[in-house]
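Here the structure is laid out as C-alpha cells; the discussion comes afterwards.
Since this is a predicted model, take the numbers as computed values, not measurements.
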Amino acid sequence: MQNIISERVADFLRHYPPFEDLLALDLNELSYEVTILYKEKNSIVFREGEVPHECFYVVHKGAVSLTKTKSNNIIDICDEGDIFGLRPLMANENYRLEARTNEESILYGIPIAYFKPLAQENRQVGTFLIESFASNTRNPYSESHRGKLLENSTEPNSENNTKLLDLQSVNYSIAIVSCTIATSIKEAGLLMTKNNVGSILVYSDEKLTGIITDKDFRNHVISGDFPVSAQVEEIMTSPVITYPSKMTITQAHMAMMKNDIGHLVLTQDGTPNSKVVGVLSKHDVMVAMGDNPMVLMKAIKRCKTSKQLKRIRNSVMQLLRGYLEQNIPMQLTTKIISELNDASIKQIIKVSLSKMDGPPPVKFAWLAMGSQGRGEQLLHTDQDNAIIFEDVAEKEMDNAKTYFQKLADLVTIGLNDIGYEFCPADMMASNPRWCHSLSEWKNVVAHWVNNPGPDEVLLSSIFFDYNRSYGDKNLVESLSKYIFEQVKTHRLFLAHLAIGALKNPSPTGFFRSFLVEQDGAHKDFFDLKQRAIMPLVDAARVLILSYSIDAINNTAERYQKLAELEPQNEELFLSCCYASKALLKFRTKQGLLHNDSGRFIALDQLTKEEKIKLKRTFKTIKEIQELIAVRFQTSTILA
C-alpha cells in the first residue's frame, strides 16, 4: 500500500542537501521513519543543556532560531530546507543552543539511528553534516570536529607536498572503436580513419584479445611485413595491458614508460575481463602534462611578446579550472596560480625593458599590490601596482622619473594585453603617484600613518599588501622595515585601519537574507568582494601589522600565523583561514562560470547548498569584526 505522506517527505528532502546525495531507494526508506512535527510560533524545539533527542531536524515550513540563552545571542536562523540539532549525531553531548520557532513551523525529525549508517556510507553526506555541525563552532575542519562522524573530512591537507601530477586525473577518450580478430588490416585502418582515432581494439568471442595502433601500421604494414589483406591478428599487440580508469597523470605516464607503449586500455576494474571504458593515448598524457605548472612556467619564460604570453595565460586559466573541478587543495591551487601569474608579470617587465632605450638608471623594484600582492588574484581582474627605485641626486631625479614612467606605461599596457584590466582608480605604476624613489615612498607612508583619514587608510590598505614581482630585494625590505617602524610609533594608525576593516558589517541582514546592492549597475546582486572577502582581508592585515610580521601577505596564511601567536583565539583565526579560502574558491568558480571577476553574484542562480556554504562564512566575519572593534577600541575613536 502506498504511503502518500512518506512520498511527500521524500519529494521535499531530495531537493535539499545532504539528502539530495542519497540513493533514491535509501531516501524513500528513510522517509518512512521521519517524524513530522507541527510547532506554533515561539515554541521550544529543544533547550540549551537538554538531553539530546533521538533525531535531528529539517525545516519544512517556517523558521527556527538557534540562540545562546545566557547572552541571548542569536547564532543562526534556519529556514526551509535547513538542518539543525545535529549535536546528538556528531557528539554525545547535551544541546549547547536553544532552538525556538520564529513563526508557525512544520519540522521533519530525522531518526539518527536510521540515518547515521547512510551518512557513514556516503562521504558527501557525511562531509556536509560535519560542515553544518561545525559551522556553529566556526571552523568546519577544526581538529576538535574533524572525524566526529567519519574518520576524516574530504578536504585534503593544504600542507600536503604531494606533486600535483600525482593528484590530477587525465581525460581519456571514450570513443572506443573495435573489430573482430577476422577483420582485415585494411578494414581496421579504414575504421580508424573514419572515427579519427589512433587505436582499435580487437575482440575474439567477445573477449578483448589485442590492440592495434598507428605504430603497428608503421612497423608492420608500411614496412612491407604484412599486406593490408592480412587479418588484424598478424599485427595486433597481445595480450592487452589494461589499467583502471581512475588514473593520475603520473600513473599513466609511468605505465606507458614501463611497458613501452603509447596507448592504455582502461577498464572498469583494471583487468582485461571487465568492460572497457576508454583508451588513453600518449598524446592525452602529454596534453595533460602540457597544462601542468612546470611546463607552463617554462613556456612563460620563453615568451617574447604579450601575444605569446596571452596564449599561455589561457592555459593557466584552464589549469585553474581543472584544479577546482578536481578539488585540489585551495591553498595549493592559490600558490601555484599566483606563481604563474607572478612569472607572467616578470616576463612582461623583461619584454618592456628590452623595448627601452637603455638599462634602468638605478636599481628598482616592481610591486604587485592588492589581491595579486596577497597571492589571491586567481582570475583576470584589474591590476594594482607600483614602482620603487633607488634614491638619486636631485639633479638626476627628472631623468629617473621619466625612465620609470615610460617603463611603467609599457608594463601596464602589456599586462592589459594579457588580460589584466587597467585599475579604474588608476592605482598603477604608470600614475606618477605610484612611482617614487625609496625616500619618496617613505614620505608617503609617513603621511598616511600620521594623517589616517579615510583616503589615507584606503590607500595604505591597498599598498601595504605589496609583494615584489621584479627587481631589487633590498629596496623592498628597506621600505617594509620603515613601514613597521612607523606603525609601532603611531599605534593610533592601527585603530584607524581597524575602523576601515569594520566599514562593511556582517553580510546577512534580518532573517538570514543577504544584503544586496540597492542601486547602480549591480542592483539586487550580492557583492561578494566588498561584503564578504574584504572584511576578512582587512581584519587579517591590521592584526598582522600589529605584530610587525613581514613577508606574510596571503590572507589565509596570515590567519594561520595569528592562530600560532594567539592560542586563546586559535579556533576563530583558523575559521577565518577556512572562510577566506572558501570565499576565494567560491568567487573563482563564479568568475569562471560567468566569464567575469566573480565579484557580483546573482543570488537567484545559486543552489540551496551554495547559499548555505556561503552563509557559513558570515558568522566568522561577524566574530572577527567584534574582536577587531574591542582590541583596537574603535568605539572610542568614533565617539
Original post:
Any sub-3.5 Å donor-acceptor pair from K401's side-chain atoms to C435's backbone N or O?
Top reply: yes

Q.
Is there a side-chain contact between P452 and L497 in this structure, where contact means two heavy atoms from C-beta onward sitting under 4.5 Å apart?
A. no

message = Between S575 and Y559, is there a side-chain heavy-atom distance shorter than 4.5 Å?
response = no

Can you list the steps and then say if D465 with V537 is a side-chain contact (heavy atoms from CB on, under 4.5 Å)?
CA-CA 10 Å; D465 286 340; V537 170; 4.3 Å; yes

In this structure, OH of Y420 is separated from CD1 of I348 (nearest 0.5 Å) by 10.0 Å

Output for pair (I462 CD1, N385 CG), nearest 0.5 Å, gives 11.5 Å

Residues passing the side chain to side chain contact (heavy atoms under 4.5 Å, CB included) test with E485, sequence neighbours excluded, are K481, Y482

**Asked** Does any donor atom in the side chain of E570 or Q560 lie under 3.5 Å from an acceptor atom in the other side chain?
**Response** no

Q) Any side-chain heavy atom of L606 sitting closer than 4.5 Å to one from L614? A) yes

Those residues at least two apart in sequence (or on a different chain) that pass side chain to side chain contact (heavy atoms under 4.5 Å, CB included) with T101 are K39, S43, V45, V64, S105

When F404, W441, F364 are each screened for ring-ring contact (aromatic ring centres under 6.0 Å, His included) with F389, the one that passes is F404

Do the non-hydrogen side-chain atoms of Q318 and R321 ever get within less than 4.5 Å of each other?
yes

Test item: N451 side-chain N/O and W448 main-chain N/O as donor-acceptor pair under 3.5 Å | no

Side chain to side chain, F46 and F84, heavy atoms closer than 4.5 Å = yes

Side chains of R313 and N341: any donor to acceptor distance under 3.5 Å? yes

Is there a donor-acceptor contact under 3.5 Å from the side chain of H447 to the main chain of N443? no

**N-O pairing of K442 and D391 below 4.0 Å** = no

Side chains of T69 and E98: is there a donor and an acceptor less than 3.5 Å apart? no

Is it the case that E566 and Y547 place a side-chain donor and acceptor less than 3.5 Å from each other? yes

side-chain hydrogen bond (donor to acceptor under 3.5 Å, both in side chains) pairs touching residues 424-433, sequence neighbours excluded, are D426-N431

Can you tell if the side chain of V449 reaches within under 4.5 Å of the side chain of S460, non-hydrogen atoms only? no

Here the gap from L528 atom CG to R599 atom CZ, rounded to the nearest 0.5 Å, amounts to 9.5 Å

- Query: Any side-chain heavy atom of F632 sitting closer than 4.5 Å to one from V542?
  - Reply: yes

Using 4.0 Å as the upper bound for N to carboxylate O, is an ion pair formed by K335 and E557? yes

When rounded to the nearest 0.5 Å, the distance separating CG of N450 from CD of E456 is 10.5 Å

side-chain hydrogen bond (donor to acceptor under 3.5 Å, both in side chains) with R374: of Q377, Q372, E376, only one passes, and it is E376

Rounding to 0.5 Å, atoms CG (L536) and OG (S580) come to a distance of 6.5 Å

- Does atom NZ of K503 have more than 12 heavy-atom neighbours, drawn from other residues, nucleotides or ligands, at distances under 6.0 Å? yes

query = Is the closest side-chain heavy-atom distance between N595 and L592 below 4.5 Å?
reply = no

Please step through side-chain contact (heavy atoms from CB on, under 4.5 Å) for the pair K68 and N72, ending with a clear verdict.
CA-CA 5 Å; K68 269 284 185 186; N72 199 30; over 6 Å; no

Rounded to the nearest 0.5 angstrom, the CZ-CG distance for R558 and L543 is 10.0 Å

Parallel, tilted or perpendicular: rings of F463 and W434 (30°, 60°): tilted

Q) Which is it for T588 and L320 under the side-chain contact (heavy atoms from CB on, under 4.5 Å) test, yes or no, and what are the steps along the way? A) CA-CA 9 Å; T588 305; L320 172 60; 3.6 Å; yes

